[in-house]
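What follows is a short report on a single structure.
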Amino acid sequence: MPAGYDPPQRRATRIAADDTPEDAVAQPPTLHVSQHPAVLHKLAILRDEETEPKKFREVVRELSWLLGYEALADARVRPLTIRTPIEEMEAAELGERIGLVPILRAGLGMVDAMLELMPTAQVWHLGLFRDERTLRPVEYYNKLPDSASVDLCLILDPMLATGGSATAAIEVLKKWGAVKPVRIKLVNLIAAPEGVEAVTSAHPDVEIHCAALDRQLNEKGYIMPGLGDAGDRQFGTGSSS
Ligand code: PRP
Ligand code: URA
């Protein structure tokens with residue numbers, strides 16, 4: 001095993017820098033950390049500070065496709081009769097009405113890939129930004145439709161840091177009508193243990209799909225090691241730290 005390599009199984013459950021495998025805390029059953037080699041490979045490119053916005057956007061899109069694929073693994077399908085060039089057969093089509101909820105700005109980069117996977121999904125933009133001083137989310141845009149005619153809502157945001165934005169988005173969706181049997185899933189690229197804890201304790205019914213569970217937040221609320229500021233790195237703004 002190469003020096004410094006962190007086996008995915010351990011990486012998925014470790015929450016502190018100096019944890020030994022014995023210290024590892026079991027992850028909540030609603031948290032799904034991808035172990036796919038293609039995800040690990042692309043994540044390294046995404047995190048690298050040398051990765052320019054164009055490449056960064058490309059990799060956000062590719063990772064979103066892979067995570068969306070995993071998040072849809074339990075989606076319902078319904079039978080569909082089709083005819084191949086050879087004969088008629090019973091095939092299947094996605095049987096869920098899906099709403100994609102990208103959190104502006106950074107979640108925008110995840111939308112196209114998700115729409116490729118789920119072409120009939122609707123996209124409902126939600127504008128939230130984190131107040132840099134309080135780290136609390138501020139809502140500034142909401143494009144949810146009038147009624148909650150949906151089976152599955154996927155909240156799209158590359159980063160789950162304190163969990164403030166995700167928790168606020170889930171609350172907005174639930175108040176709007178996304179309550180049982182409607183399911184809500186959170187799709188993130190990188191999650192911090194603090195954010196996972198905040199979401200799972202407030203909303204144990206919400207599943208989280210992510211590419212990595214990182215170590216912890218720094219004093220400015222950034223994920224360590226993380227990737228810096230996901231919005232800035234996609235759109236070429238700010239200093240990204
Ligand atoms: C980032 C990120 C999340 C939020 C995560 O957005 O895209 O929405 O921070 O942090 P939290 O878990 O502590 O709430 P940001 O507020 O920087 O806005 P932006 O996407 O417009 O850059
Ligand atoms: N938002 C980001 O874009 N990055 C972080 O590390 C935390 C919040």
Side-chain angles (χ1 to χ4, degrees), residues 15 17 28 30-31 33 43-49 51-53 55-57 59-61 63-64 67-68 100-114 123-144 153-173 184-203 206-241:
I15 63 166
T30 47
L31 175 65
V33 185
L43 204 46
I45 301 170
L46 195 75
R47 291 180 186 276
D48 191 331
E49 64 177 356
T51 301
E52 296 296 331
K55 182 70 182 171
F56 191 91
R57 289 192 297 271
V59 180
V60 166
R61 180 193 174 100
L63 278 168
S64 303
L67 289 177
L100 301 175
V101 187
I103 306 300
L104 305 179
R105 290 175 299 169
L108 279 177
M110 302 175 72
V111 174
D112 284 355
M114 294 289 177
V123 183
W124 306 324
H125 298 89
L126 201 54
L128 293 172
F129 71 85
R130 224 172 46 147
D131 182 299
E132 280 182 12
R133 199 176 44 83
T134 62
L135 297 184
R136 295 299 307 153
V138 180
E139 185 180 335
Y140 62 91
Y141 190 76
N142 180 330
K143 205 65 184 162
L144 290 174
C153 296
L154 295 182
I155 299 175
L156 312 178
D157 194 333
M159 308 305 273
L160 176 62
T162 64
S165 306
T167 308
I170 295 165
E171 278 159 15
V172 167
L173 283 176
I184 300 176
K185 293 191 183 200
L186 192 55
V187 185
N188 304 118
L189 301 187
I190 301 184
E194 293 89 335
V196 171
E197 165 61 23
V199 170
T200 51
S201 57
H203 301 285
V206 172
E207 296 197 15
I208 305 171
H209 287 264
C210 63
L213 177 63
D214 273 10
R215 199 169 75 242
Q216 66 189 88
L217 298 179
N218 69 13
E219 69 289 349
K220 289 182 179 168
Y222 278 87
I223 300 176
M224 296 193 291
L227 51 73
D229 188 300
D232 286 346
R233 292 202 61 189
Q234 282 183 75
F235 302 115
T237 51
S239 65
S240 221
S241 54

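Heavy atoms only: backbone and side chains are in, while hydrogens, waters and symmetry mates are out. Order of appearance sets the numbers: ligands from 1, and atoms from 1 within every ligand.
- Looking at atom 3 (O) of ligand 2, its nearest protein heavy atom turns out to be Ala230 N, 2.8 Å.
- In terms of protein heavy atoms, atom 10 (O) of ligand 1 is closest to Arg130 CD, 3.2 Å.
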Checklist entry - Yes or no on side chain to side chain contact (heavy atoms under 4.5 Å, CB included) for Val187 and Asp157, after CA distance, side-chain angles and deciding distance? => result CA-CA 6 Å; Val187 185; Asp157 194 333; over 6 Å; no
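- An N or O contact shorter than 3.5 Å is missing between Asp232 and ligand 1 by distance.
- Taken from OH in Tyr140 to CG in Leu104, the straight-line distance is 4.5 Å, to the nearest 0.5 Å.
- For Gly228, a nitrogen or oxygen atom sits less than 3.5 Å from a nitrogen or oxygen atom of ligand 2, counting backbone and side chain alike.
- Between Pro102 and Met110, every side-chain heavy-atom pair lies at or beyond the 4.5 Å cut-off.
- Those atoms of ligand 1 with a heavy atom of Ala106 less than 4.0 angstrom away are 7 (O), 20 (O).
- A heavy-atom separation below 4.0 Å is found between Arg130 and ligand 2.
- Among all heavy-atom pairs drawn from Leu46 and Arg233, the shortest one is O-NH1, 3.2 Å.
- The nearest pair of heavy atoms linking Gly109 to Val60 is O-CG1, 3.5 Å.
- There is a side-chain donor-acceptor pair under 3.5 Å between Arg105 and Thr237.
- Contact check for Lys143 versus Leu126: no side-chain heavy atoms found under the 4.5 Å cut-off.
- Between Ala166 and ligand 1, a contact under 3.5 Å exists for no N or O pair.
- Atoms of ligand 1 found under 4.0 Å from any heavy atom of Gly164, numbered from 1 in the order shown, are 12 (O), 14 (O).
- Within the 4.5 Å cutoff, side-chain heavy atoms of Ile155 are placed close to those of Ile103.
- For atom 12 (O) of ligand 1, the protein comes within 4.0 Å by at least one heavy atom.
- Looking at Ala161 against ligand 2, only its side chain comes within 4.0 Å, counting heavy atoms.
- Closest of all the heavy-atom pairs between Cys210 and Leu31 is SG-CD1, 4.0 Å.
- Residue His203 holds its NE2 atom at 12.0 Å from OG1 of Thr30, rounded to the nearest 0.5 Å.
- When non-hydrogen atoms are compared, ligand 1 lies under 4.0 Å from the backbone of Ser165 as well as from its side chain.
- At a 4.0 Å heavy-atom cut-off, ligand 1 touches Thr162 through backbone and side chain alike.
- To the nearest 0.5 Å, atom CH2 of residue Trp124 and atom CG of residue Leu156 are 11.5 Å apart.
- Annotation: atom 22 (O) of ligand 1 to nearest protein heavy atom, Arg105 NH2, 3.0 Å.
- At least one protein heavy atom sits closer than 4.0 Å to atom 5 (C) of ligand 1.
- Taking distance alone, with nitrogen or oxygen atoms compared against 3.5 Å, Tyr140 stays at or beyond that limit from ligand 1.
- At the shortest separation from atom 8 (O) of ligand 1 among protein heavy atoms lies Asp157 OD2, 2.5 Å.
- Between Glu194 and Leu217 the shortest heavy-atom distance is OE2-N, 3.1 Å.
- The single protein non-hydrogen atom nearest to atom 5 (C) of ligand 2 is Tyr222 CD2, 3.4 Å, given as residue, atom name and distance.
- Between Pro28 and Val196, the closest heavy-atom pair is CG-CG1, 3.9 Å.
- Using a 4.5 Å heavy-atom cutoff, the side chains of Leu186 and Glu207 are not in contact.
- Summary of contacts: the protein heavy atom closest to atom 17 (O) of ligand 1 is Asp229 OD2, 3.9 Å.
- For ligand 2, the polar-atom distance check against Gly231 finds no nitrogen or oxygen pair separated by under 3.5 Å.
- Of all protein heavy atoms, the one lying nearest to atom 6 (O) of ligand 2 is Ile223 N, 2.8 Å.
- Put simply, no part of Leu135 is less than 4.0 Å from ligand 1, judged by heavy atoms.
- For Gly221, the heavy-atom gap to ligand 2 drops under 4.0 angstrom.
- Residue contact check for ligand 1: Gly163 places a non-hydrogen atom closer than 4.0 Å to it.
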